2 protein chains.
Amino acid sequence: MRTVTPPGDPGAETTGGYLKGRIRRKDIIAAARAVYAEAGYHGSSLREIAKRAGITHAGLLYYFPTKEALLAAVLQRRDAEDAARQHLDSSPGLDVLKSLIALAAHNVRHPGIVDLYVRLAAEAVGPDHPAHTYFERHYREARELTARSFRVLAARGDLRPGVDPELAALGFIALMDGLQVQWLTMPDEVDLVGALEAHLQSLLTVPL
Amino acid sequence: MRTVTPPGDPGAETTGGYLKGRIRRKDIIAAARAVYAEAGYHGSSLREIAKRAGITHAGLLYYFPTKEALLAAVLQRRDAEDAARQHLDSSPGLDVLKSLIALAAHNVRHPGIVDLYVRLAAEAVGPDHPAHTYFERHYREARELTARSFRVLAARGDLRPGVDPELAALGFIALMDGLQVQWLTMPDEVDLVGALEAHLQSLLTVPL
DNA sequence: CCTACCGATCGGTAGG
DNA sequence: CCTACCGATCGGTAGG
């Protein structure tokens, strides 16, 4: 065997290169997501990730030259999937808020995604963490899209008087995150979607 | 020197034993809190904690026989401090909710406590984590105390109609947690206390 | 992509 | 409480 394979070009990720390399990269990223979800980023070893992808850890480093490069690829893939799902770049308004709740409902059926997100977000609060900038951007974008949506609702008179769109947006995103932690800790006692709907309804003058 | 020192009796923690040993335990626990806050539990090493406490890691293990025993002591100490502050065991009602917001305001001035809590909670979502049971209990108790408070408000007519006390309680606790993560990630952009007050006000028919 | 290796670090123990 | 050690594991590199 030992056929021609692509170099460990950072930035190429899952696109570009030869077919075999693209498949390997996809497998490695999938394995990394699973292990990060179970053990966080710092708690994960390249050897464990590589084993699940069916190669050695030195082989993994052929495709992703450092541990951080692999994390970057995982985060990039998450963004690509979110964008592909297209729920979030519709025009601001009630639909955006509903699609955020739909995203939460989707996540409840895919606990691994929630695990990955919750663990990485908590690890990345420190400014030195390699995912810190990613989460700053992620939170800022989510908050601004949500704030715009609340402003649209306010202009229509659908927002309960006295509700500040910026604070409501901050709270809505925070509520999603906090609910995920409690839900992961005790899935049977936490109605994630119900709590989100109840919260949103309490901010509106119109039924959901 | 080498004077008589207490054995590594698990359960004794900071009470009991000789004075010197109690002081050492306190120092070690304080160092552990700081390191956990920076690196999480799994990311912390006994050597780093011991160094900050001014001993070797083998010396630390004389007082706390395993890494897990030290974590248990840290969690136990947190509960003791919360109980000593007595904010939380007043009778259910608006005062409890206000004191939770006051606790958040207190935490904003002590980021290390928030860091410790956020990191450990995220790590402990897995049922195998040594702090998992602690956080299950913690969440359940916080949620129940809050739910009781909302029920008291509802009976008085101070709760906005349509608000379910159980879901509101779940949401209030989750909001606190989620806000803490965003606040740690970008302190300048997040008004933690303002968002909590705005949220609580939106659930009430009376001014805060 | 693998084998084989490196230096560093880990939690824990032996023995005083 | 320390010195000295153990086996295990880590990310990364050399060299094919």
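FYI, side chains are in, hydrogens and waters are out, and symmetry mates aren't considered; it's all heavy atoms of this structure. Just so you know, these numbers come straight off a predicted model, no measurement behind them. By convention in this document, chain letters (A, B, ...) are assigned in the order of the sequence lines, proteins followed by strands, and residues within each chain are numbered from 1.
Within the 4.0 Å cut-off from OP1 or OP2 of C:dC2, at least one side-chain nitrogen or oxygen of A:T56 is found.
Residues A:R47 and B:E48 each lie close to DNA chain C; by heavy-atom proximity, the contact nearer the 5' end of the strand is made by A:R47.
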Stepwise salt bridge (Lys or Arg N to Asp or Glu O under 4.0 Å) check, B:R22 with B:D27 = CA-CA 9 Å; B:R22 288 208 310 275; B:D27 290 348; over 6 Å; no
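Of the N and O atoms on the side chains of A:H129 and A:Y134, not one donor lies less than 3.5 Å from an acceptor on the other residue. With no hydrogens or angles considered, no side-chain donor-acceptor pair links A:Y36 and A:D115 at under 3.5 Å. Checked by atom type, the side-chain pair A:D177/A:Y139 shows a donor-acceptor distance below 3.5 Å.
If you take CG of A:L70 and C1' of D:dC10, they are 15 Å apart, rounded to a whole angstrom. Taking atom CG on A:L60 and atom P on D:dT13, their separation rounds to 13 Å, with Å as the unit. Rounded to whole Å, atom C1' of D:dC2 lies 12 Å from atom OH of B:Y63. Rounded to an integer number of Å, the gap from NZ of B:K67 to P of C:dT13 is 15 Å. The nearest whole Å value for the distance from the NE2 atom in A:H42 to the C1' atom in D:dG11 is 12 Å. To the nearest angstrom, C1' of C:dT9 lies 12 Å from NZ of B:K51. Taking atom CG of B:L61 as the reference point, atom P of D:dC6 lies 18 Å away to the nearest angstrom. The interatomic distance linking A:L46 (CG) with D:dG12 (P) rounds to 6 Å, in whole Å.
Listed candidates were C:dG11, D:dC10, D:dT3. Nearest to the side chain of B:A58 is D:dT3. Candidate nucleotides D:dG12, C:dC10, C:dG12 were compared by shortest atom distance to the side chain of B:H57, and C:dG12 ranks first.
When Watson-Crick and G-U wobble pairs are counted only if both distances are under 3.5 Å, D:dC10 pairs with C:dG7. In this structure, C:dG15 forms a base pair with D:dC2, meeting either the Watson-Crick or the G-U wobble geometry with both donor-acceptor distances under 3.5 Å.
Between B:R52 and B:E38 there is a salt bridge, since at least one side-chain N of the basic residue sits less than 4.0 Å from a carboxylate O of the acidic one.
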